K.L.:
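One structure, pasted below without further comment.
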Amino acid sequence: TLDRPDACVQRLAPSTILFRSHPSVVTFPFALACLVGGAVLGVWLLPRGIWFPIGGVAISGTALLYLLYQRAVCQYFITPRRVEIVTGFIAKSSNEARISDIRAINVERRGLSGMLGVGTVEFSTTGDEAEVVFCDVWAARKVKALVRAIQDAS
């Protein structure tokens, strides 16, 4: 649905999920470097002994678990009626805003990840503070376009 934000959303059920995402792994460069570096060094140092590949697998495995944990503790949703962020690993908390109440949508993209399309999308209903913030999400500008298309269709 991000590729077609102008699609008619009035006929959809209010609970239909139009967009679901997590923070991008691109924003965790150290974990990505450990993931790749551990595997490469483990294979490259294999002739020196068995402990180097075991260490490489341990480093890569730890980095992978960290990345999976970071993705699991934060989820972003957009439905025809609301934007929502759900956080937490075991005990889940959520924060949402009705799309009809959103007055401002700010997109911020920085650095190399910003050039790749990863950014932060802030949804504000009143005042200067954002009520719902999608941090480090892929296609940040398309997320904004989707919410604006839903608002225009209403």
Side-chain angles (χ1 to χ4, degrees), residues 1-40 42 56-154:
T1 30
L2 283 180
D3 294 330
R4 295 182 28 188
D6 56 338
C8 184
V9 293
Q10 291 177 334
R11 296 176 299 194
L12 296 174
S15 61
T16 303
I17 296 175
L18 301 174
F19 174 78
R20 176 183 295 162
S21 186
H22 305 274
S24 171
V25 295
V26 174
T27 58
F28 301 102
F30 182 72
L32 286 174
C34 287
L35 181 69
V36 174
V40 169
V57 167
I59 291 170
S60 294
T62 303
L64 180 63
L65 287 175
Y66 176 76
L67 288 172
L68 291 174
Y69 173 77
Q70 290 299 324
R71 287 179 55 89
V73 298
C74 189
Q75 297 177 336
Y76 309 126
F77 300 100
I78 297 176
T79 67
R81 300 265 196 263
R82 63 186 49 90
V83 294
E84 181 178 13
I85 179 173
V86 178
T87 57
F89 190 65
I90 295 174
K92 302 280 187 180
S93 300
S94 69
N95 193 12
E96 69 179 40
R98 290 188 318 180
I99 288 182
S100 60
D101 293 338
I102 294 174
R103 301 291 175 239
I105 303 173
N106 298 320
V107 176
E108 184 176 331
R109 294 176 13 183
R110 291 187 171 183
L112 180 60
S113 62
M115 291 189 320
L116 296 173
V118 176
T120 298
V121 185
E122 298 177 342
F123 301 98
S124 301
T125 57
T126 58
D128 293 332
E129 258 186 62
E131 282 79 19
V132 178
V133 179
F134 290 5
C135 294
D136 302 324
V137 67
W138 277 106
R141 293 199 189 278
K142 289 184 179 182
V143 170
K144 177 181 178 177
L146 174 64
V147 173
R148 286 293 181 214
I150 295 169
Q151 285 180 326
D152 292 344
S154 299

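What's counted below: heavy atoms across the whole structure, side chains too, no hydrogens, waters or symmetry copies. Keep in mind that what you see is a predicted model, and the values were worked out from it rather than measured.
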K.L.:
With a 4.5 Å cut-off on side-chain heavy atoms, are Val132 and Tyr76 touching?
P.N.:
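In short, these two side chains do not touch, never coming nearer than 4.5 Å.
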K.L.:
Is a donor on one side and an acceptor on the other found under 3.5 Å between the side chain of Gln70 and the backbone of Phe28?
P.N.:
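Looks like no, no N/O pair under 3.5 Å.
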K.L.:
Can you name the residues that form a ring-ring contact (aromatic ring centres under 6.0 Å, His included) with Phe30, not counting sequence neighbours?
P.N.:
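With neighbours one apart ignored, the set is empty.
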K.L.:
For residues 77-109, which residue pairs qualify under ring pair (Phe, Tyr, Trp, His ring centres under 6.0 Å), counting only residues two or more places apart or in two chains?
P.N.:
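Checked against ring pair (Phe, Tyr, Trp, His ring centres under 6.0 Å) - neighbours excluded - the pairs reaching residues 77-109 are Tyr69-Phe89.
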K.L.:
For Thr27, does its backbone N or O pair with a side-chain atom of Ser113 as donor and acceptor, under 3.5 Å?
P.N.:
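It does not hold such a pair.
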K.L.:
Could you measure the distance from the CD1 atom of Ile105 to the CG atom of Leu146? Nearest 0.5 Å is fine.
P.N.:
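Interatomic distance, Ile105 CD1 to Leu146 CG, rounded to 0.5 Å: 9.0 Å.
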K.L.:
Is Cys74 close to Ile85 at the side-chain level, that is, under 4.5 Å between some pair of heavy atoms?
P.N.:
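Result yes, sub-4.5 Å side-chain heavy-atom pair found.
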K.L.:
So do the side chains of Thr87 and Val73 get within less than 4.5 Å of each other, counting heavy atoms only?
P.N.:
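In short, these two side chains do not touch, never coming nearer than 4.5 Å.
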K.L.:
Considering only heavy atoms from C-beta outward, does the side chain of Leu32 approach that of Leu67 to under 4.5 Å?
P.N.:
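They are in side-chain contact.
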K.L.:
Look at the side chain of His22 and the backbone N and O of Ala72, then say whether any donor-acceptor pair between them is shorter than 3.5 Å.
P.N.:
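A pair under 3.5 Å: no.
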K.L.:
Between Gln151 and Ile102, which heavy-atom pair has the shortest distance, and what is it?
P.N.:
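Closest approach of Gln151 to Ile102, heavy atoms only: NE2-O, 3.0 Å.
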K.L.:
Which pairs of donor and acceptor atoms, one on a side chain in residues 117-126, lie under 3.5 Å apart (sequence neighbours left out)?
P.N.:
unit_1: Thr125; atom_1: OG1; unit_2: Glu131; atom_2: OE1; d: 3.1
unit_1: Thr125; atom_1: OG1; unit_2: Glu131; atom_2: OE2; d: 3.3

K.L.:
Side chains of Phe19 and Ile150: does their closest heavy-atom pair fall under 4.5 Å?
P.N.:
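In short, these two side chains do not touch, never coming nearer than 4.5 Å.
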